[in-house]
Amino acid sequence: MNLPSDSRFVVVGAGIHGLSTAYHLAKELSARGAGSGADIVVLDKTSPGSGASGIACGVVRNNYFQPAMSELMQACVEVWESDPGAYHYNPVGYVALGAAIQEPDLIATYERQEQIGYRSELIVGAAEVDAHMKSLFPDWRAQGVTVCLHEHRGGFAFNMASVLGLVEKCESEGVAILSGVEVDGLESGADGTVTAVLTNRGRIGLGEQLVLAPGPWAKQFWGMLGLPMTIDVRTPSGEVVRDRPMWTYWNLQEGEIGIDPLEFATSDGGAPPVIHLDTDAPLYTDDGKLVTDELWGIYFKRDRHGVQGGAAPLVVPDDVELDPYPQTTNVDPEFADMWCAALSHAMSRFEGCRPLYANARSGGVGAFTADNFPVFDYLRPNVYGVLDSNHGYKMIGVGREVAKVLVGEHSSLLYPFRFERFATGDLHPVSHSPYPWS
């Protein structure tokens with residue numbers, strides 16, 4: 001398709017956020033008799049799913065200590081559940097296991113899930129948790145675990161398959177998706193509104209609104225809008241932390257072991273839930289080498305060709321090269337030893353799995369905000385930013401909420417993620433998780 005000379009709505013980024021926004025906006029316009037998908041064009045400098053969404057591990061969960069994240073994730077799970085076939089979604093559930101220091105966090109998360117009607121089960125006590133896990137996996141043997149939050153919703157989806165499912169949904173509504181179109185700049189009016197999008201293939205006049213859903217390239221578009229690269233952050237106590245970097249980069253640590261996926265099954269032969277294990281028990285490799293004696297964590301799930309998962313991410317330099325994406329995957333050379341040792345620590349069936357480790361194209365670099373949580377907000381009078389701090393893939397429902405905002409509604413689910421929170425001190429609470437986003 002040729003580049004249009006103008007478009008009412010332009011969406012930049014054909015990952016989960018951009019495609020979900022375009023699809024749900026098309027539905028909103030049609031339902032209101034206010035337009036259709038033909039009013040929307042999605043631009044991607046490569047192709048749909050060529051960024052973080054296409055290599056995501058695909059875990060869908062609601063294990064968030066932050067109330068706003070928990071409520072928003074419930075809405076996202078509803079979208080996954082609305083068409084599991086098209087989204088290639090597997091509703092197998094999600095099990096979060098933690099050490100004693102994490103008990104208050106997981107108990108609070110469970111109580112919040114009960115309040116909002118999100119179906120889950122809480123188990124407290126080392127013996128009780130061990131019995132629960134052994135009922136699922138008789139060879140369960142993890143130590144140092146005293147609390148378990150078993151979400152009976154959630155699970156995982158297959159990354160590129162779900163992206164292509166969203167592409168089909170967009171195209172069925174008449175949305176145009178253009179690949180190989182890179183945004184080089186923006187034309188602005190005197191009032192700060194963006195009047196045109198400048199690309200490597202020409203100029204697109206902007207009729208109404210621009211949506212930026214650039215994934216790891218958030219910092220690039222932030223700069224294009226002339227927004228500050230460092231900000232002052234007011235904490236909930238009232239203290240102001242000066243000159244915090246607005247954007248930092250983290251590299252996800254993910255990989256897989258090449259075993260028959262059916263070897264990872266529950267005791268009745270069923271599909272296993274996604275497992276997230278945090279513990280402060282010392283971690284040793286199968287040959288007895290100490291990996292760590294501090295709090296550590298991993299997550300893992302059944303995949304098409306084996307078992308896939310990861311561990312806590314690593315900070316990478318601000319000048320990291322993002323193109324071609326991903327430039328770096330599993331940058332820690334010790335990750336494979338750690339992750340395979342942790343799998344073995346969890347279940348005896350994974351003992352000796354280190355030779356089966358495959359350095360798969362998974363994870364990649366993500367852009368994180370000053371508090372490691374997303375910014376969903378207007379950045380200019382007619383420019384809405386979906387800037388996600390690497391929660392992106394699982395948050396398919398954000399597009400549904402953004403679409404409501406674009407047609408003039410208020411979204412209480414997106415409000416806590418406004419950029420203003422850094423100035424007002426309305427930051428999200430921090431848990432005891434070793435992950436920066438939980």
Side-chain angles (χ1 to χ4, degrees), residues 1-26 28-30 32 34-48 50-51 166-167 170-171 173-229 246-247 322-323 325 367 375-388 398-399 402-408 414 418-419:
M1 178 180 173
N2 293 329
L3 194 77
S5 60
D6 57 77
S7 180
R8 186 178 167 195
F9 296 95
V10 176
V11 178
V12 177
I16 287 288
H17 279 313
L19 293 171
S20 178
T21 298
Y23 169 63
H24 287 100
L25 177 58
E28 286 284 348
L29 293 173
S30 296
R32 296 162 182 264
S36 70
D39 297 310
I40 307 165
V41 62
V42 179
L43 310 178
D44 196 281
K45 68 178 181 179
T46 307
S47 59
S50 58
L166 268 173
V167 167
C170 284
E171 292 179 340
E173 295 292 331
V175 175
I177 301 171
L178 303 183
S179 297
V181 180
E182 183 169 3
V183 175
D184 298 320
L186 305 171
E187 282 185 8
S188 299
D191 62 353
T193 59
V194 170
T195 55
V197 179
L198 308 179
T199 81
N200 61 332
R201 287 172 48 185
R203 177 184 184 277
I204 304 174
L206 183 63
E208 195 165 323
Q209 298 191 69
L210 171 64
V211 177
L212 299 177
W217 294 270
K219 184 177 180 180
Q220 173 184 330
F221 285 90
W222 192 261
M224 199 176 291
L225 291 167
L227 295 168
M229 291 300 172
M246 181 61 200
W247 298 102
L322 295 175
D323 297 295
Y325 190 83
V375 168
F376 304 134
D377 203 353
Y378 274 103
L379 307 177
R380 290 274 191 93
N382 65 338
V383 178
Y384 196 92
V386 186
L387 309 176
D388 186 34
V398 168
V402 172
K404 294 176 183 177
V405 173
L406 296 177
V407 297
L414 298 184
R418 66 201 185 282
F419 177 58

Could you tell me whether the side chain of Asn200 and the main chain of Glu182 form a donor-acceptor pair under 3.5 Å?
yes
Which residues pass the side chain to side chain contact (heavy atoms under 4.5 Å, CB included) test with Pro216, not counting sequence neighbours?
Ala52, Leu322, Tyr325
Using 0.5 Å steps for rounding, measure from the CG atom of Asp191 to the CG atom of Asn382.
8.0 Å
Which pair of heavy atoms, one from Val167 and one from Pro48, lies closest together, and at what distance?
CG2-CB, 3.8 Å
List the steps and the verdict of side-chain contact (heavy atoms from CB on, under 4.5 Å) for Leu178 and Thr199.
CA-CA 12 Å; Leu178 303 183; Thr199 81; over 6 Å; no
Pair Lys219, Met229 - check side-chain contact (heavy atoms from CB on, under 4.5 Å), show working.
CA-CA 8 Å; Lys219 184 177 180 180; Met229 291 300 172; 4.0 Å; yes
Are the side chain of Gln209 and the backbone of Leu406 linked by a donor-acceptor contact shorter than 3.5 Å?
yes
Listed by chain and number, what are the ring-ring contact (aromatic ring centres under 6.0 Å, His included) partners of Trp222, not counting sequence neighbours?
Trp247, Phe419
Could you tell me which non-hydrogen atom of Ser7 sits nearest to which non-hydrogen atom of Asp39, and how far apart they are?
OG-O, 3.5 Å
Criterion side-chain contact (heavy atoms from CB on, under 4.5 Å) on Val183 and Met224, from CA distance to verdict
CA-CA 10 Å; Val183 175; Met224 199 176 291; 4.1 Å; yes
Starting from the C-alpha separation in whole Å, work towards a yes-or-no answer on side-chain contact (heavy atoms from CB on, under 4.5 Å) for Val407 and Arg32.
CA-CA 9 Å; Val407 297; Arg32 296 162 182 264; 3.5 Å; yes
Those residues that, when tested against Ser188, pass side chain to side chain donor-acceptor pair (under 3.5 Å) (two or more places apart):
Arg380
Polar side-chain atom of Ser47 near backbone of Ser179 as donor-acceptor pair, under 3.5 Å:
no
Which distance, rounded to the nearest 0.5 Å, do you find between the CG of Leu206 and the CZ of Phe9?
9.0 Å
Any side-chain heavy-atom pair of Val175 and Val11 under 4.5 Å:
no
Taking all heavy atoms of His24 and all of Gly399, pick out the closest pair and write down the distance.
CB-O, 3.8 Å
Supply the atom-to-atom distance Trp217 CH2 to Asp323 CG, rounded to the nearest 0.5 angstrom.
5.5 Å
